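Structure first, then comments.
Note on naming: letters A, B, ... go to the chains in the order of the sequence lines (proteins, then strands), and numbering restarts at 1 for each one. Note that this is a predicted model, so its numbers are computed, not measured.
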There are 2 protein chains.
Amino acid sequence: MNALTRRQQQVLEFIQTRQQREGLTPTLREIADHFGFRSLTAAADHVRALQKKGVLENQPSRARSLRVVSPWQGLRRPVADIPIFGSIPAGIPESRVQDAKGCLSIDVASLGIKPTPRTFALEVRGDSMIGRHILDGDLVILEHGVAPRNGDVVAALIDNESTLKTLVLERGRVWLRSENPRYPQLIPASELVVQGVMMALVRRRKG
Amino acid sequence: MNALTRRQQQVLEFIQTRQQREGLTPTLREIADHFGFRSLTAAADHVRALQKKGVLENQPSRARSLRVVSPWQGLRRPVADIPIFGSIPAGIPESRVQDAKGCLSIDVASLGIKPTPRTFALEVRGDSMIGRHILDGDLVILEHGVAPRNGDVVAALIDNESTLKTLVLERGRVWLRSENPRYPQLIPASELVVQGVMMALVRRRKG
DNA sequence: GCTGATACTGTATATTTGTACAGTATCAAA
DNA sequence: TTTGATACTGTACAAATATACAGTATCAGC
């Protein structure tokens with residue numbers, strides 16, 4: 001009953017791809033064109049069949065209202081796009097698109113914060129923050145321009161590279177600390193630029 | 001030049017909300033209706049202004065082709081929806097929508113895996129896996145039905161609760177190990193159900 | 001051999017939708 | 001004071017679009 005035919009899978013995949021790539025689902029005409037149907041009804045039939053099988057939804061009489069149904073779609077929250085930078089030379093004056101290495105898209109609720117235009121992500125290199133359970137390869141989401149508190153993990157510009165450190169207030173002075181015994185421990189933060197404060201983290205699969 | 005007026009912000013927000021909630025951007029008529037405009041042109045004017053300011057895009061003569069522009073949109077990859085379960089009593093026979101506590105939406109590339117219908121997420125309770133740098137409150141993404149390898153982090157059903165453990169092959173037998181010295185170390189896995197293998201992790205902001 | 005589901009062609013039509021044109025009024029900047 | 005941007009009303013129309021109806025052909029299951 002729920003099994004899709006090969007043709008239906010092709011049609012569904014086409015709709016889904018267009019939805020992801022262009023943000024718009026195709027019209028019946030566009031479906032027909034893509035598959036070389038000379039009749040709209042062919043496309044309409046497939047859409048009807050996919051609806052019947054519960055994998056496609058439709059708002060009657062509305063243009064481009066096809067939607068591929070994910071069982072969890074109803075629970076979906078707004079998704080934010082956060083740029084991933086390799087390293088940030090300056091203090092993020094105006095982070096430009098061409099500087100981004102990629103884009104992390106994640107829903108706001110799971111992130112725990114509301115991203116702003118000053119939110120960005122860095123890929124962690126090395127295990128200098130292993131004491132804070134941040135590993136090599138982790139994607140760290142940071143917020144630029146907020147005041148860091150004592151103990152916050154921050155990104156700082158050291159030797160023209162963005163590096164993660166723990167910010168420490170001690171005896172009225174500000175220090176940056178690595179969280180790995182094998183690394184130099186304390187650096188005076190006076191001359192360093194704090195580029196962002198860590199807000200969240202994404203760890204991809206390893207190996 | 002780029003600053004939006006209050007009215008323009010309202011219009012943009014309306015379009016964005018509809019896009020997120022219904023998956024469709026509104027038509028000019030729907031915008032006009034929502035704001036009580038008696039004329040389509042009022043809506044059209046706002047859309048034109050927002051386009052001019054670069055925060056909205058449009059494919060001419062296409063129905064519902066409005067799209068709110070994020071600077072990073074071009075980099076966006078397909079986003080997957082992964083159900084979040086509180087705990088999973090049985091071996092996930094058919095995880096039903098009503099059992100889901102929420103939904104984690106994240107792009108496939110950042111996740112490092114291609115989610116399947118057997119992908120799900122658990123919220124970590126306690127710090128029994130701190131040795132693997134998994135903290136209380138972390139969101140762990142797991143895959144059901146794949147064969148775990150030695151050293152993989154897995155979710156197992158213990159006392160009717162899903163608990164994370166490290167799977168250890170030793171002397172031809174399978175054990176589950178907690179990664180915290182204060183917890184009981186080894187449990188024979190023979191009678192336990194492995195519900196999933198950890199693939200990725202999301203850490204939200206703390207405090 | 002019959003039946004229902006699938007996979008189409010071809011035509012027609014009502015509705016939805018974007019767009020254009022002609023105005024009015026307000027407000028801030030030059 | 002003038003100019004341009006903003007914020008609308010009101011009307012009209014062509015294009016885009018969903019949908020309906022009448023068929024044909026194939027194939028699997030009964």
Side-chain angles (χ1 to χ4, degrees), chain A residues 1-69 73, chain B residues 1-69 73:
Chain A
M1 164 191 172
N2 205 350
L4 301 185
T5 63
R6 175 169 303 175
R7 201 56 162 158
Q8 286 168 357
Q9 278 184 351
Q10 289 175 356
V11 174
L12 184 67
E13 194 179 315
F14 171 65
I15 297 171
Q16 204 160 19
T17 303
R18 286 283 288 262
Q19 190 173 26
Q20 288 167 351
R21 280 221 320 245
E22 304 189 26
L24 281 178
T25 46
T27 63
L28 293 178
R29 245 166 271 272
E30 287 169 353
I31 296 173
D33 282 355
H34 179 262
F35 288 99
F37 301 156
R38 296 208 192 164
S39 170
L40 280 183
T41 311
D45 278 353
H46 281 123
V47 166
R48 225 187 313 265
L50 289 168
Q51 284 174 324
K52 199 173 167 189
K53 294 185 175 177
V55 295
L56 204 56
E57 270 184 3
N58 181 298
Q59 299 173 39
S61 300
R62 310 193 93 175
R64 299 178 182 277
S65 66
L66 292 178
R67 286 173 73 196
V68 177
V69 175
Q73 112 193 336
Chain B
M1 163 189 171
N2 205 349
L4 301 185
T5 64
R6 175 168 305 176
R7 202 56 162 159
Q8 286 169 356
Q9 279 183 352
Q10 289 174 357
V11 173
L12 184 68
E13 194 179 315
F14 171 65
I15 296 171
Q16 204 160 19
T17 303
R18 286 283 288 263
Q19 191 174 25
Q20 288 165 351
R21 280 221 321 244
E22 304 190 25
L24 281 179
T25 45
T27 62
L28 293 178
R29 252 166 264 272
E30 287 170 353
I31 296 173
D33 282 355
H34 179 263
F35 288 99
F37 302 156
R38 297 207 191 167
S39 170
L40 278 184
T41 312
D45 278 353
H46 281 125
V47 165
R48 224 186 315 263
L50 288 169
Q51 285 175 322
K52 199 172 168 189
K53 292 185 176 177
V55 295
L56 203 57
E57 269 184 2
N58 182 299
Q59 300 172 38
S61 300
R62 308 193 93 173
R64 299 180 183 277
S65 67
L66 291 177
R67 287 172 74 196
V68 178
V69 174
Q73 115 194 336

Distance in angstrom units between [X] [atom1] and [N] [atom2], rounded:
| X | N | atom1 | atom2 | answer |
| --- | --- | --- | --- | --- |
| B:R7 | C:dA25 | CZ | P | 19 Å |
| A:R6 | D:dC27 | CZ | P | 15 Å |
| A:Q9 | C:dT6 | CD | P | 13 Å |
| A:Q51 | C:dA5 | CD | P | 17 Å |
| A:L24 | C:dG18 | CG | P | 11 Å |
| A:D33 | C:dG10 | CG | P | 14 Å |
| A:F37 | D:dA25 | CZ | C1' | 15 Å |
| B:Q8 | D:dA5 | CD | P | 12 Å |

> Do B:V69 and B:L56 come close enough that some side-chain heavy atom pair is under 4.5 Å?
Replying inline: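 No, side chains not in contact.
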> Relative to the ring of B:F14, is the ring of B:F35 parallel (under 30°), tilted (30 to 60°) or perpendicular (over 60°)?
Replying inline: perpendicular
>> For nucleotides 18-24 of chain D, give me one character per nucleotide, 5' to 3': B if any protein heavy atom sits under 4.0 Å from the base, S if the only such contacts are to the sugar-phosphate, - if neither.
In response: BBBB---
>> By nearest atom, which of the nucleotides D:dC8, C:dG10, D:dA7 is closest to the B:T5 side chain?
In response: D:dA7
> Under the side-chain contact (heavy atoms from CB on, under 4.5 Å) test, which residues partner A:S65, sequence neighbours left out?
Replying inline: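 A:S65 satisfies side-chain contact (heavy atoms from CB on, under 4.5 Å) with A:N58, A:Q59, A:R62, B:L24 once adjacent residues are dropped.
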>> Using OP1 and OP2 only, check whether a side-chain N or O of B:K53 sits under 4.0 Å from D:dT6.
In response: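 Answer yes for this pair, as a side-chain N or O of B:K53 is under 4.0 Å from OP1 or OP2.
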> OP1 or OP2 of C:dA7 sitting under 4.0 Å from any side-chain N/O of A:H46?
Replying inline: yes
> Which atom names give the shortest non-hydrogen contact between B:V68 and B:Q16, and what distance separates them?
Replying inline: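 Reported closest heavy-atom pair: CG1-NE2, 3.8 Å.
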> Under the salt bridge (charged side-chain N to carboxylate O under 4.0 Å, His left out) rule, what pairs show up with a residue in residues 31-47 of chain A, not counting sequence neighbours?
Replying inline: A:D45-A:R48
> More than 12 foreign heavy atoms under 6.0 Å from CD of B:Q10: is that the case here?
Replying inline: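 More than 12 heavy atoms, drawn from other residues, nucleotides or ligands, come within 6.0 Å of this atom.
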>> For B:Q9 and B:R6, which I'm curious about, is there any donor-acceptor pair between the side chains at under 3.5 Å?
In response: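 Judged by distance alone, the side chains do not pair up.
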